[in-house]
Amino acid sequence: MKNNNALDEIKKGVTEIISEEGLNKKLALKRPLRVKYGIDPTTANIHIGHMVPVKKMRQMQNMGHIGVVIIGDYTAQIGDPTGLDRSRPSLTKEQVINNAAEYMSQLYTVLDKRKTEVHWQSEWFEKMEIANLIKLLGKFTVAQIMTHETFRMRYEKGQPLSIHELLYPIFQAYDSVMVKADIELGATEQKFNILLGREMQRKYSQEPQAAILFPILIGTDGINKMSKSLNNYIAVYDSPKEKYGKIMSIRDDLIMNYFELATDISVAKLDEIKSALANSKKNPMDVKKHLAREILKTFHDEKEIKEAEEYFMKVCSRRERPEETEELQINSGKIWIVKLLIDTKMAKTSGEARRLIRGGGVCIDGNKVVDETLDIQIKKEFLLKAGKRKFVKIKPNILAR
RNA sequence: GGGGAGAUUCCCAAGCGGCCAAAGGGAUCAGACUGUAAAUCUGACGGCGAUGCCUUCGGAGGUUCGAAUCCUCCUCUCCCCA
């Protein structure tokens, strides 16, 4: 009975469990289970998509289980083949160590440190001899590995596929053996790798781990999964304002995907929101604001959230200027508008500056700038606006010259 | 070892001697509209104080009045045969 409660709790927000029966058996053991989640220290910049399984790990820690985080310093050298990533630039050892440290500090915003074990793949791979590597690789056939969809697709499409990439799933699977994982967490795209871990454990006479798979969090572009390389992510390190804005910019039909995966809201509440959206009882914008508040909760306090919300409403909704504007001193005298935009970093090139002006995106004290050859007399303070969100207060610097 | 196909601007992808700063799509940015930095529509999208000039089509040379387009060599990728 108790197990069933635990199982229901675990199943929340999960796409698939393989196998539920196996998981139940493990839960019945009444010992802390070892819940594995692997990270690639290729980047220190993690996003809320990474946090989906991590939240689950925390939930299980609360039930008394142990979170086992694997730092994939060897798989990082390969680069996850899932999702058509091409080979990445190899990182130095220092970079990997730094990334891992930063990564972990972000994970600890959610995880219970006392119930977390951290392991590096180098603990077992660094000293592995070629003879043993050969033995390990001999456990699987090429055909088995090629059933991985991304490998097959790339191969069939005639895209490059290096041999070392085929090792990725095998390494990940071997990690499960080394840490004696009871459970492995991952997004559904990790299914192949995690299942291979089960196979591997069997070959080493271990009880196979249960796979807990999560839906994929769609990125802010509304099409692809959230990922760093596609630049459609909301980073843990983003400021509250940035997070808030990015959440508001997602397509309305993504709202539920985010609610389900990135917040801790109860199932009952979720249904409520879903139906309110479906029969348009609520303004999607308000639902989205709610969503933004919920997501920010994990990372920021009430005050920061409030500030982010107020900023958004003021600057984006009502098109007013923000309270605090960056101030810049510019030498008094005459300056060409295009030059000014570049100097103030509102535009990177003169072409971009001209485009902004032609598009009608540049305002001085609320007056639209139409002429791109305009020279400005800098003698008193004024507000320069480029686009919707960029403001700068220009102050003449009289001391110079 | 032999034979074939390919590398194009942030990404995908057309172009195959002048009309090419290079189609189209995506991303991005701006504008309009709006309850939203949603959706939709419009425009821009190599650099330059700019109806012109400069630098780009894997790299290095060459042919030509003229090359992303043709030739030679090189680098990388894919396919077929051995």
Side-chain angles (χ1 to χ4, degrees), chain A residues 83-87 89 151-163 165 218-234 238-259 276-277 280-293 295-296 308-322 334-343 345-363 366-376 384-391:
Chain A
L84 297 175
D85 272 351
R86 33 202 112 186
S87 48
F151 288 148
R152 214 184 44 235
M153 254 176 46
R154 280 167 64 185
Y155 190 69
E156 280 167 8
K157 277 199 200 155
Q159 288 167 342
L161 178 62
S162 302
I163 293 164
E165 294 185 78
I218 307 289
T220 51
D221 59 4
I223 301 159
N224 301 297
K225 70 158 187 167
M226 186 173 287
S227 89
K228 192 181 176 196
S229 49
L230 293 170
N231 199 24
N232 62 359
Y233 63 97
I234 301 170
D238 280 342
S239 70
K241 269 181 211 161
E242 277 173 295
K243 284 200 190 82
Y244 199 98
K246 283 183 184 179
I247 294 162
M248 292 306 287
S249 83
I250 63 169
R251 292 193 353 222
D252 288 354
D253 48 4
L254 245 59
I255 293 175
M256 286 320 291
N257 180 260
Y258 275 60
F259 255 119
L277 269 178
S280 42
K281 261 192 205 142
K282 274 190 174 160
N283 183 338
M285 179 190 65
D286 292 325
V287 180
K288 234 191 258 182
K289 278 158 76 179
H290 180 194
L291 172 68
R293 282 197 299 271
I295 293 177
L296 293 220
E309 180 155 76
E310 272 161 23
Y311 178 87
F312 180 83
M313 291 315 290
K314 194 170 177 126
V315 176
C316 303
S317 296
R318 296 199 295 266
R319 296 282 171 91
E320 292 166 19
R321 49 165 296 200
K334 212 203 278 184
I335 185 163
W336 180 34
I337 179 71
V338 170
K339 195 124 194 75
L340 180 69
L341 286 166
I342 295 168
D343 286 355
K345 304 230 164 59
M346 309 285 248
K348 279 198 272 304
T349 62
S350 81
E352 194 181 319
R354 285 164 193 269
R355 254 179 270 142
L356 269 168
I357 297 165
R358 268 178 241 156
V362 177
C363 291
N367 301 314
K368 199 169 273 186
V369 174
V370 195
D371 180 9
E372 63 197 62
T373 65
L374 182 74
D375 282 321
I376 299 172
L384 181 67
K385 177 178 169 230
K388 277 177 254 210
R389 288 172 266 165
K390 286 187 193 156
F391 297 86

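What you see is a predicted model, and the numbers here were worked out from it, not measured in a lab. Naming: A, B, ... by sequence-line order, numbering from 1 per chain.
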message: Distance check, P atoms only: B:U28 and B:A38, in whole angstrom units.
response: 10 Å
B:A13 to B:G24 separation - C1' atoms, rounded to the nearest Å: 8 Å
Contact class for [X] (heavy atom, under 4.0 Å): base, sugar-phosphate, or nothing?
{"X": "A:K288", "value": "base"}
{"X": "A:F312", "value": "base"}
{"X": "A:G245", "value": "base"}
{"X": "A:K385", "value": "nothing"}
{"X": "A:I250", "value": "sugar-phosphate"}

message: Would the base of B:U36 count as contacting A:D286 through its side chain, where contact means a donor and an acceptor less than 3.5 Å apart?
response: no
- request: State whether A:R355 places a side-chain N or O below 4.0 Å from either non-bridging phosphate oxygen (OP1 or OP2) of B:G47.
  value: yes
Side-chain N or O of A:S350 closer than 4.0 Å to phosphate OP1/OP2 of B:G49: yes
- prompt: Mind checking what makes side-chain contact (heavy atoms from CB on, under 4.5 Å) contact with A:S162, not counting sequence neighbours?
  reply: A:H164, A:E165
task: Please say whether more than 12 non-hydrogen atoms of neighbouring residues, nucleotides or ligands are located less than 6.0 Å from NZ in A:K289.
output: yes
message: Which nucleotide, if any, forms a Watson-Crick or G-U wobble pair with B:G1, using both distances under 3.5 Å?
response: B:C81
field: A:R293 with A:E309: basic N within carboxylate O range, under 4.0 Å
entry: yes
query: Which parts of nucleotides 3-10 of chain B does protein reach within less than 4.0 Å, heavy atoms only, written one letter per nucleotide 5' to 3' as B for base, S for sugar-phosphate only and - for none?
result: --------
message: Within the 4.0 Å limit for protein heavy atoms, which parts of nucleotides 76-82 of chain B are touched? Write it as a string from 5' to 3', B for base, S for sugar-phosphate only, - for none.
response: -SSS---
- line: A:I218 CD1 to B:A27 P, in whole Å, measures 14 Å
Minimum-distance nucleotide to [X] side chain [options: [options]]:
{"X": "A:S249", "options": "B:G31, B:A37, B:A50", "result": "B:A37"}
{"X": "A:R354", "options": "B:G31, B:G49, B:A39", "result": "B:G49"}
{"X": "A:L356", "options": "B:A30, B:C48, B:U36", "result": "B:A30"}
{"X": "A:R389", "options": "B:G49, B:U36, B:C29", "result": "B:C29"}

query: Which heavy atom of A:L341 sits nearest a heavy atom of A:A353, and at what distance?
result: CD1-CB, 3.8 Å
- request: Compare every heavy atom of A:V338 with every heavy atom of A:R354, then report the nearest pair and how far apart it is.
  value: CG-CG2, 4.1 Å
task: Please work out which of the three classes, parallel, tilted or perpendicular, describes the rings of A:Y244 and A:F312, given edges at 30° and 60°.
output: tilted
